[in-house]
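Step one of this worksheet: look at the structure below.
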2 protein chains.
Amino acid sequence: MLNYSTSEENYIKAIFHLQRQDGTVTTNELANELKTKPASVTDMMKKLKVKKLLNYQPYQGFRLTNDGNKVALGIIRRHRLWEYFLAEKLKFSWDEVHEVAEDLEHVSNKKLIDKLDEYLGFPRTDPHGDPIPDANGKIEISKKICLTEMTLNTIAIVSSVSDQSSEILELLEHKKIAIGTRLEVKKKFDFDNSMEVKIGRQPAFTISKQLAENIFVLSN
Amino acid sequence: MLNYSTSEENYIKAIFHLQRQDGTVTTNELANELKTKPASVTDMMKKLKVKKLLNYQPYQGFRLTNDGNKVALGIIRRHRLWEYFLAEKLKFSWDEVHEVAEDLEHVSNKKLIDKLDEYLGFPRTDPHGDPIPDANGKIEISKKICLTEMTLNTIAIVSSVSDQSSEILELLEHKKIAIGTRLEVKKKFDFDNSMEVKIGRQPAFTISKQLAENIFVLSN
DNA sequence: ATATTTTTTTAGATTTGTCTAAAATTATTT
DNA sequence: AAATAATTTTAGACAAATCTAAAAAAATAT
């Protein structure tokens, strides 16, 4: 597999993530995500198209080709394995790992990553609960849904939090919600879209609409 | 401490290493070391001079300033800690770690490196026996000498090997010489500059001039 | 001490990734 | 459907790092 520059990798990764939400990605979306200018995005899109990582017709938005997706999964694999390493071995806290992994992910030595994977015991998810692609780029697609969409009285496991500000982390800590926590939604209130949830046998407590919208769970 | 580009770091590190041997470094030396052209070296020297990392007058060669040396020691610290990690934790072999560490060393997050140091148990030397600078940039300067310079009948510890080809590693393995091995030189032969050495109580064996010149030891 | 060779620097070009400002295209209003 | 607004692309510029070819300086040899 070929090598790509740090800049190219950042674009590829951003497109991959934005693709998840909508089908196609626009110039402005990507410029915003990468804190760059639309003109720079267009320049890079042309380059990635030449490299056959991207389907792109001017003014039409873009999406990764199969090859592009493979490259993206490689980058995400590196990122998430390093996040796991930082949290598990170096005892970085949950909210610190992402930034450091942003740099480490660009060291693209296959043997390094495969040995790291082995050393870590082939973890299936990173500290945010997001799945780690395996050495072949396969990723577990467990239907991740927002807490707001959960069926009443079923149990689901908290797998990720979209916002990662210290404010939300403070609140989650206070409510004793973490990655891996088993949650059961007991009631939903239409008035303010708040909900009552339970952890194990403890008494139910309230989660606001704003918080619920940022919590994602793996449902069975 | 400021941040430097990968390219700047590679120049700084190379100057630091070449300085050890001679006092000052020349344009051609550096171009050769970095596999680049003399013109490129001159360009970079001007830039590093502006940043006050280098003392440089045209045609006069160059050496790092105190600030430049501090930067170099930071890079070397990162490089050697990663080498230790790769060998010790990921089970890379001795001769594979350098190349991978060349990439990892440019991730310059102080907290990452200090936590890595702690995780590894504050190792004093890398897998080649070279000392690892501490978080303040202090480095153990144990008088490292070539095996050829050793006084007869004294014991010294193998600390590094300058050549790291697979050929020399094969030979070292056969002779059971590794980093940390305690060696005692029993005889030196002027005819071919070969020498007889002993490991512990085992019978003495012969080391050729070529091999001896590539083995470095820490003498007391 | 002058000529020749080697080393180093300069001048100008190239590539990558970025930017601003203007033009082109698409989307939205009225 | 024409006017306006928003988005996207193009054109041209710039900084970083590199290169080649030529000029300048230093080292070496005759």
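Just so it is clear: chains get the letters A, B, ... in the order the sequence lines come, proteins before strands, and each one is counted from 1.
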Does A:S40 have a side-chain nitrogen or oxygen under 4.0 Å from the phosphate oxygens OP1 or OP2 of C:dT18?
-> no
Distance below 4.0 Å between B:Y11 side-chain N/O and D:dA16 OP1 or OP2 = no
Examine C:dT9: is either OP1 or OP2 under 4.0 Å from a nitrogen or oxygen in the side chain of B:T27? Give yes or no.
-> yes
Cation over ring, A:K46 on A:Y56, under 6.0 Å and within 45°?
-> no
Answer yes or no: does a side-chain N or O of A:Y56 lie under 4.0 Å from OP1 or OP2 of D:dT9?
-> yes
Tell me, do A:N55 and A:F62 make a side-chain contact under 4.5 Å, heavy atoms counted?
-> no
Any side-chain N or O of B:K37 less than 4.0 Å from the OP1 or OP2 oxygen of D:dT18?
-> no
Closer than 4.0 Å, any side-chain N/O of B:K46 to the OP1 or OP2 of C:dT9?
-> no
Whole angstrom is fine here: how far is it from CG in A:N28 over to P in C:dA27?
-> 13 Å
Closest approach of A:A72 to A:L64 (non-hydrogen atoms, all atoms of both residues) = CB-CD1, 4.1 Å
Can a cation-pi geometry be assigned to B:K51 and B:Y4, taking NZ or CZ under 6.0 Å from the six-membered ring centre and within 45° of the ring axis?
-> no
Specify the separation, in whole Å, of atom CE of A:M44 and atom P of D:dT9.
-> 15 Å
From D:dC19, D:dA26, D:dT8, nucleotide with atom closest to B:Q60 side chain = D:dA26
Examine C:dT18: is either OP1 or OP2 under 4.0 Å from a nitrogen or oxygen in the side chain of A:S7? Give yes or no.
-> yes
Hey, is the side chain of A:T36 poking within less than 4.0 Å of OP1 or OP2 on C:dC19, counting only N and O atoms?
-> yes
Quickly work out the A:M45 CE to C:dT18 P distance and round it to whole Å.
-> 10 Å
